[in-house]
Amino acid sequence: AINLSLFIALMACGGPTTASETRFQAAKASSVGIATEIEFVASDGTITGPNASNSGWVRFTLKNNSSAVANMALVNLGSGNSLESFSSHVSKNKMLPDWAYPSSGIADTSPGSTANVTLMMDAGKYAIVRYESAENGSSYPVSTGILPFTVTQSDAVTEEPIATVIVRMQDIGVVINPVKQAGKTLAAPIKEGKHILRITNEDDVVHELKFRDMDDGVSPDEDPMWVKQRGCFIDQIKLQKDMKTAGGGQHVRLGPACDDNDEPLSPNQPPVNSTSAGGVMGLAPGKTAYFVTELNAGYYYIYSTLPNAETGKPDFLHDFIQEFIVSR
């Protein structure tokens, strides 16, 4: 099977060496550093908000006033394609047309919460579309409530955010490793507090990255459908000892548990006992998005629900799921 997993390197950028540098970086981390900010509101089954912006770095926010998890994806319609043809294709096929260009967006956000994404927007015509889950857990675009969105070319200078954490998505496995500065690894969890995550897709296929915050005192592998280190074929007792020896084991992959016949299960959702905490929707190869968030101490996991190109199952059943730890 093709391994459509991700590589994630989390880097604390440019470790400050003086008190003044520490204050400077803290100030930068509290500012998104952009010139354009627009807000959308999700109600039950609908999204409302502006229909245009200037080109450049734009921070989109989504306030979820609905009773369910909400998301919004931006899709570039390309040249000569209409919103009507886009909507018709999505309605018939439950997938994006080949000529549409995924341009990221705000991933699953819990009711009553607000999430964001900062993107470099090129001039053109876009569609804003919601995603829902199929029975097997994979996500697909829905044709109801699609909004037109136009980006107008502007000469105004916008400022790119300054990241505190670097996230790279590649098709070479799943690794989470905070780094104090370039070239010096630090085997320690990310610290709690406000962070600006720079998320770049370095693979040659579209990837998304959704975040979930585990409930207090809960680890992702406490869900009976999931176990650590890619699933039930691993000696879990030995793994637990190895993790303890390694000092906690931040580099852990989750995998489906096995049934009584030692066959892997196919859960239709990631681990339970957690809260959707935003992230980025489908990000095209070579593109970058920023995600500003407050990380709480405890376990998180990140994953994708996009359908695997080979099986049609959600990518979280193809190693596209990873836990990480945030420390106090």
Side-chain angles (χ1 to χ4, degrees), residues 1-2 4-6 40 42-47 60 62 64 66-78 81-111 115 117 126-149 169 171 201 203-212 225 256 266-272 276-285 287 289 301-321:
I2 295 177
L4 291 180
S5 56
L6 77 167
F40 291 79
S43 301
D44 287 327
T46 63
I47 296 175
F60 297 86
L62 179 64
N64 186 4
S66 71
S67 58
V69 170
N71 59 62
M72 57 172 280
L74 290 137
V75 180
N76 191 323
L77 300 181
N81 301 305
S82 68
L83 189 70
E84 291 74 19
S85 59
F86 173 81
S87 179
S88 176
H89 185 280
V90 168
S91 178
K92 294 177 181 177
N93 302 283
K94 292 187 176 182
M95 61 186 302
L96 301 181
D98 293 339
W99 43 262
Y101 189 82
S103 300
S104 195
I106 300 170
D108 295 355
T109 306
S110 294
V117 67
Y126 293 75
I128 293 176
V129 59
R130 298 180 299 112
Y131 275 67
E132 294 182 355
S133 295
E135 187 174 343
N136 71 350
S138 63
S139 59
Y140 65 93
V142 295
S143 58
T144 57
I146 293 177
L147 300 178
F149 191 80
M169 299 189 289
D171 188 22
N201 185 358
D203 198 5
D204 56 2
V205 297
V206 175
H207 285 308
E208 69 178 8
L209 197 63
K210 297 181 177 182
F211 284 68
R212 290 188 74 89
M225 299 290 285
S266 294
N268 62 2
Q269 63 178 344
V272 296
S276 294
V280 299
M281 299 294 281
L283 186 64
K287 296 297 182 179
Y301 66 86
I302 47 182
Y303 67 105
S304 170
T305 60
L306 293 177
N308 181 273
E310 295 293 317
T311 68
K313 294 181 179 181
D315 271 341
F316 61 70
L317 294 179
H318 294 270
D319 294 336
F320 214 95
I321 184 168

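Residue indices begin at 1 and follow the sequence shown.
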Under the side chain to side chain contact (heavy atoms under 4.5 Å, CB included) test, residues paired with [X] that sit two or more places apart:
X      : result
Asn76  : Tyr101, Ser103, Tyr126
Pro285 : Asn201, Val206
Ile128 : Phe40, Met72, Leu74, Leu147, Phe149
Ser138 : Ala134, Asn136, Pro307, Pro314

Subject >> Where at least one partner belongs to residues 83-95, residue pairs that pass salt bridge (Lys or Arg N to Asp or Glu O under 4.0 Å), sequence neighbours excluded >> reply: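 Residue pairs with at least one partner in residues 83-95: there are none.
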**OP:** Mind jotting down which residue pairs meet the salt bridge (Lys or Arg N to Asp or Glu O under 4.0 Å) criterion with at least one end in residues 96-109? Sequence neighbours excluded, please.
**Re:**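 Listed by first then second residue: Asp108-Lys210.
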Give the minimum heavy-atom separation between [X] and [Y], together with the two atoms involved.
X      : Y      : result
Val90  : Val142 : CG1-C, 3.7 Å
Pro271 : Arg212 : O-NE, 4.3 Å
Pro148 : Leu83  : CB-CD2, 3.8 Å
Pro102 : Leu96  : CG-CD1, 4.0 Å
Gly278 : Ala115 : CA-CB, 4.2 Å
Ala73  : Tyr131 : CB-CE1, 3.8 Å

**OP:** Mind checking ring-ring contact (aromatic ring centres under 6.0 Å, His included) for Phe86 and listing every partner two or more places apart, or none if nothing turns up?
**Re:**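 Partners of Phe86 under the ring-ring contact (aromatic ring centres under 6.0 Å, His included) test: none.
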**OP:** Name all residues meeting the ring-ring contact (aromatic ring centres under 6.0 Å, His included) criterion together with Tyr301; count only those two or more places apart in sequence or in a different chain, and write none if there are none.
**Re:**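 In terms of ring-ring contact (aromatic ring centres under 6.0 Å, His included), with neighbours along the sequence ignored, Tyr301 is linked to Tyr303.
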Working to the nearest 0.5 Å, report the span between [atom1] of [X] and [atom2] of [Y].
X      : Y      : atom1 : atom2 : value
Asn268 : Thr305 : CG    : OG1   : 12.0 Å
Leu62  : Ile47  : CG    : CD1   : 6.0 Å
Glu208 : Ser139 : CD    : OG    : 5.0 Å

Original post:
His207 side chain to Leu283 main-chain N or O, any donor-acceptor pair under 3.5 Å?
Top reply: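 Answer holds: no.
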Original post:
Taking the side chain from Asp203 and the backbone from Met169, do they hold a donor-acceptor pair closer than 3.5 Å?
Top reply: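 Judged by distance alone, no pair lies under 3.5 Å.
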Residue list, side chain to side chain donor-acceptor pair (under 3.5 Å) with [X], at least two apart or on another chain:
X      : result
Thr144 : Arg130
Ser85  : Ser82
Ser110 : none

Original post:
Does any non-hydrogen side-chain atom of Pro267 lie less than 4.5 Å from one of Pro256?
Top reply: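 Contact flag for Pro256/Pro267 side chains = yes.
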Subject >> Residues Lys287, Ser104; criterion side-chain contact (heavy atoms from CB on, under 4.5 Å); working and verdict >> reply: CA-CA 9 Å; Lys287 296 297 182 179; Ser104 195; over 6 Å; no
